Novice: 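Can you read through this structure? Questions will come right after.
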Amino acid sequence: MSTSIIPDHIGLAVNNVKEGVAYFENLTGIQAHLHPSESSAPFQSASVRIGETCYLEILGPNPNHKGIHPLKSLLRAFKEPTLWFWYIRTDDFGELENKIIGQGRQIDQKTNMEMDESRSDEFAPHIRGSIGPGFDPVYPNIIQYLAKPKLDVVGSMDLHPLQDFIVRVPASDMAKNKPKTFFEAIGVPTGVLKESSDDKYYLSLTLKTPKGPITWENETHSVSTWKALSTTIKDVLGFL
């Protein structure tokens, strides 16, 4: 049986999650659901349902998290709300990982998130990871849910349809079928790939909202281990 792959969520990074939610609601007229913060997590998020199986995640640093964490620092470094990542959902993480390795890439930051007493009822156990090496927003992250949440808040939310989602890549990449060939090989829909008007990479999202279509389009940058480390040091020293 072939692996089933469907869109799961698209991430809008913000440096303050409550301010990010207020920004989004004022801009779109759509109410986002702010998930409870968990002290062990470096991030806190809010969700907006944008498809039958897809949601927008507004992701910011968790104000209740103690200590140092690269993800928290990377989020704190954003100067404005920015499209930063996207996820596809699979029903067989292992099979998809093997396909990715077969194409000369790898899974980084692979994490098995299990249910425990500290988790909110909105939490769904899952396995997730990014397509490496490193973190490159052009490539989707992958996730497999292991169980449904006890409380499916997102599934019961009003639907605000996704009008368009685009991954823009330079003409040189399109001419070489990069990353189209890789997407095809692992089963990711290639219709999201469009040519950019310059030599840069972008994520672009358009939502249908009560205030009309709203579009975000942001240039993407890969995040290396050194980039994460240097941003964390700047954050600790107060230089962000």
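All values below were derived from every heavy atom in this structure, side-chain atoms included, with hydrogens, water molecules and symmetry-related copies excluded. No experiment lies behind these values; they were computed from the predicted model shown.
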Novice: Spell out, as yes or no, whether a donor-acceptor pair under 3.5 Å connects the side chain of Thr232 to the backbone of Ser230.
Specialist: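 Side chain of Thr232 to backbone of Ser230, a donor-acceptor pair under 3.5 Å: no, none is there.
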Novice: Roughly how far apart are Ile131 CD1 and Ile142 CD1, rounded to 0.5 Å?
Specialist: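 Rounded to the nearest 0.5 Å, the CD1-CD1 separation comes out at 6.0 Å.
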Novice: Leu71 and Leu240: same hydrophobic cluster, using ILVMFWY side-chain contacts below 4.5 Å?
Specialist: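 No; Leu240 is not reachable from Leu71 via cluster members.
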Novice: Under 3.5 Å, side chain of Glu38 to main-chain N/O of Arg119, donor-acceptor pair present?
Specialist: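 No; zero donor-acceptor contacts below 3.5 Å.
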Novice: Is Trp226 reachable from Phe239 through a run of hydrophobic residues whose side-chain heavy atoms are each under 4.5 Å from the next?
Specialist: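 Yes; tracing contacts between hydrophobic side chains, which count when under 4.5 Å, links both residues.
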Novice: In Å, rounded to the nearest 0.5 Å, how long is the span from CG of Asp164 to NZ of Lys208?
Specialist: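 Taking CG in Asp164 and NZ in Lys208, the distance rounds to 10.5 Å.
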Novice: Hey, does the Lys NZ or Arg CZ of Arg89 hover above the aromatic six-ring of Tyr145, less than 6.0 Å from the centre and inside 45° of the axis?
Specialist: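 Here Arg89 fails the 6.0 Å and 45° test against Tyr145.
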Novice: What is the minimum heavy-atom distance between Val17 and Val14, and which atoms define it?
Specialist: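 Taking every non-hydrogen atom into account, CA-CG2, 3.8 Å.
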Novice: Are any side-chain N or O atoms of Asn62 and backbone N or O atoms of Ala41, one a donor and one an acceptor, separated by less than 3.5 Å?
Specialist: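 Yes: the side chain of Asn62 pairs with the backbone of Ala41.
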Novice: Compare every heavy atom of Glu114 with every heavy atom of Phe123, then report the nearest pair and how far apart it is.
Specialist: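 Shortest heavy-atom separation between Phe123 and Glu114 comes out as CE2-O, 3.5 Å.
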Novice: Sub-3.5 Å donor-acceptor pair from the side chain of Gln144 to the main-chain atoms of Phe93, do we have one?
Specialist: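 Yes: the side chain of Gln144 pairs with the backbone of Phe93.
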Novice: Can you see which heavy atom on Pro140 is nearest to which on Val188, and at what distance?
Specialist: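 For Pro140 and Val188, the tightest heavy-atom pair comes out as CG-CG2, 4.3 Å.
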Novice: Relative to each other, are the rings of Phe135 and Trp84 parallel, tilted or perpendicular (30° and 60° limits)?
Specialist: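 Plane angle over 60°, so perpendicular.
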Novice: Between Thr206 and Gln163, does a side-chain hydrogen bond (donor to acceptor under 3.5 Å, both in side chains) hold up when you go through it step by step?
Specialist: CA-CA 5 Å; Thr206 301; Gln163 182 170 308; 5.3 Å; no
Novice: Is Tyr202 reachable from Ile166 through a run of hydrophobic residues whose side-chain heavy atoms are each under 4.5 Å from the next?
Specialist: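 Different clusters.
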Novice: Could you tell me whether Lys110 and Glu97 make a salt bridge, using a distance below 4.0 angstrom between a side-chain N and a carboxylate O?
Specialist: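 Salt bridge flag = yes for Glu97 with Lys110.
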Novice: Taking C-beta and beyond as the side chain, do Glu122 and Pro36 meet within less than 4.5 Å on heavy atoms?
Specialist: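 Heavy-atom side-chain distance check passes, below 4.5 Å.
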Novice: Near Glu217 CD, under 6.0 Å, is it more than 12 heavy atoms from other residues, nucleotides or ligands?
Specialist: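 For Glu217, atom CD is crowded (more than 12 foreign heavy atoms under 6.0 Å).
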Novice: Is there a donor-acceptor pair under 3.5 Å between the side chain of Thr209 and the backbone N or O of Pro213?
Specialist: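 Checking the backbone N and O of Pro213 against the side chain of Thr209, no donor-acceptor pair under 3.5 Å is found.
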Novice: Which pair of heavy atoms, one from Ala124 and one from Pro149, lies closest together, and at what distance?
Specialist: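 Answer, listing the atom of Ala124 first, then Pro149: CB-CD, 3.8 Å.
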Novice: Does a side-chain heavy-atom distance below 4.5 Å link Ile30 with Pro210?
Specialist: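 A side-chain contact exists here, since the closest heavy-atom pair is under 4.5 Å.
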Novice: Less than 4.5 Å apart, any side-chain heavy atom of Val138 and any of Thr220?
Specialist: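 Side chain of Val138 against side chain of Thr220, heavy atoms only: contact under 4.5 Å found.
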Novice: Ignoring hydrogens and geometry, is there a side-chain-to-backbone donor-acceptor pair from Lys72 to His65 under 3.5 Å?
Specialist: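 Confirmed, Lys72 side chain pairs with His65 backbone.
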Novice: Do Arg168 and Tyr201 form a cation-pi contact, if we require the NZ or CZ to be under 6.0 Å from the six-membered ring centre and within 45 degrees of the ring's axis?
Specialist: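 No.
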Novice: Between the main-chain N or O of Met113 and the side-chain N or O of Thr111, is there a donor-acceptor pair closer than 3.5 Å?
Specialist: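 Pair absent, no side-chain N/O of Thr111 close to backbone of Met113.
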Novice: Transitively linked via ILVMFWY side-chain contacts under 4.5 Å: Val154 with Leu162?
Specialist: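 No, Val154 and Leu162 fall in different hydrophobic clusters.
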Novice: Treating Lys211 as the side-chain partner and Asn26 as the backbone partner, does any N or O pair qualify as donor plus acceptor under 3.5 Å?
Specialist: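 Yes; judged by distance alone, with no hydrogens or angles, the pair exists.
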Novice: Please check if atom CG in Asp199 has more than 12 non-hydrogen atoms from other residues, nucleotides or ligands closer than 6.0 Å.
Specialist: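 No, CG of Asp199 has 12 or fewer neighbouring heavy atoms, counting only those of other groups under 6.0 Å.
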Novice: Output the distance between atom CD1 (Ile58) and atom CD (Glu19), rounded to the nearest 0.5 Å.
Specialist: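 These two atoms lie 13.0 Å from each other.
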Novice: Verify whether the ring centers belonging to Trp86 and Tyr139 lie closer than 6.0 Å.
Specialist: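 Ring-ring flag for Trp86/Tyr139: false, centres at least 6.0 Å apart.
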Novice: Tell me the closest heavy-atom pair linking Phe78 and Ala13, and the distance in Å.
Specialist: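 That closest heavy-atom pairing would be CE1-CB, 3.5 Å.
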Novice: Counting only heavy atoms from other residues, nucleotides and ligands, does the tally under 6.0 Å from CZ of Arg105 exceed 12?
Specialist: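 Count over threshold, so yes.
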Novice: Once you round to the nearest 0.5 Å, how far does NZ of Lys99 lie from OG1 of Thr90?
Specialist: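 Going from the NZ atom of Lys99 to the OG1 atom of Thr90 covers 8.0 Å.
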Novice: Please report the shortest heavy-atom distance between Met157 and Val48, naming the atom on each side.
Specialist: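 That would be CE-CA, 3.9 Å.
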Novice: Counting N and O atoms only, with roles assigned by atom type, does the side chain of Asn64 sit under 3.5 Å from a partner on the main chain of Ser39, one being a donor and the other an acceptor?
Specialist: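 Side chain of Asn64 to backbone of Ser39: no pair is present.
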Novice: Would you say the side chain of Ile143 lies within less than 4.5 Å of the side chain of Ile88, judging by non-hydrogen atoms?
Specialist: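 Ile88 does not reach Ile143 side chain to side chain.
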Novice: Please test Asn112 against Arg128 for side chain to side chain contact (heavy atoms under 4.5 Å, CB included), starting from the C-alpha separation and ending with a verdict.
Specialist: CA-CA 7 Å; Asn112 191 336; Arg128 69 175 185 236; over 6 Å; no
Novice: Quick one, Arg49 with Glu52, criterion salt bridge (Lys or Arg N to Asp or Glu O under 4.0 Å). Give me CA distance, side-chain angles, the key distance, then yes/no.
Specialist: CA-CA 8 Å; Arg49 187 170 171 239; Glu52 292 299 328; 3.2 Å; yes
Novice: If I take atom CG from residue Asp108 and atom CG from residue Asp136, how far apart are they, to the nearest 0.5 angstrom?
Specialist: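 With rounding to 0.5 Å, CG (Asp108) is 11.5 Å from CG (Asp136).
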Novice: Do Phe183 and Asn177 touch side chain to side chain, with heavy atoms closer than 4.5 Å?
Specialist: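 When only atoms from C-beta onward are counted, Asn177 and Phe183 do not touch, as no gap falls below 4.5 Å.
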Novice: Consider only side-chain heavy atoms of I, L, V, M, F, W and Y, link residues closer than 4.5 Å, and tell whether Val169 and Ile186 are in one cluster.
Specialist: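 The answer is yes; both residues are in one hydrophobic cluster.
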Novice: For the side chain to side chain contact (heavy atoms under 4.5 Å, CB included) test, which of Thr215, Ile10, Leu56 pairs with Leu207?
Specialist: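 In the set Thr215, Ile10, Leu56, the residue that makes a side chain to side chain contact (heavy atoms under 4.5 Å, CB included) with Leu207 is Leu56.
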Novice: Would you check, one step at a time, whether the test side chain to side chain contact (heavy atoms under 4.5 Å, CB included) holds for Val167 with Phe165?
Specialist: CA-CA 7 Å; Val167 180; Phe165 175 66; 4.0 Å; yes
Novice: Taking atom CD of Glu184 as the centre, does the number of heavy atoms from other residues, nucleotides or ligands within less than 6.0 Å exceed 12?
Specialist: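 Yes.
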Novice: Decide yes or no on side chain to side chain contact (heavy atoms under 4.5 Å, CB included) for Leu59 and Leu75, but give the supporting numbers first.
Specialist: CA-CA 8 Å; Leu59 188 74; Leu75 289 168; 4.1 Å; yes
Novice: Calculate, to the nearest 0.5 Å, the distance between atoms NE2 and CZ belonging to His35 and Phe43 respectively.
Specialist: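 His35 atom NE2 to Phe43 atom CZ measures 10.0 Å (nearest 0.5 Å).
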Novice: Given 3.5 Å as the limit, does a donor-acceptor pair link the side chain of Asp235 with the main chain of Thr231, or not?
Specialist: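 Checked: no pair found.
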Novice: Determine whether Leu203 and Asn218 satisfy the following criterion, side chain to side chain contact (heavy atoms under 4.5 Å, CB included), listing intermediate values before the conclusion.
Specialist: CA-CA 6 Å; Leu203 295 184; Asn218 299 107; 5.8 Å; no
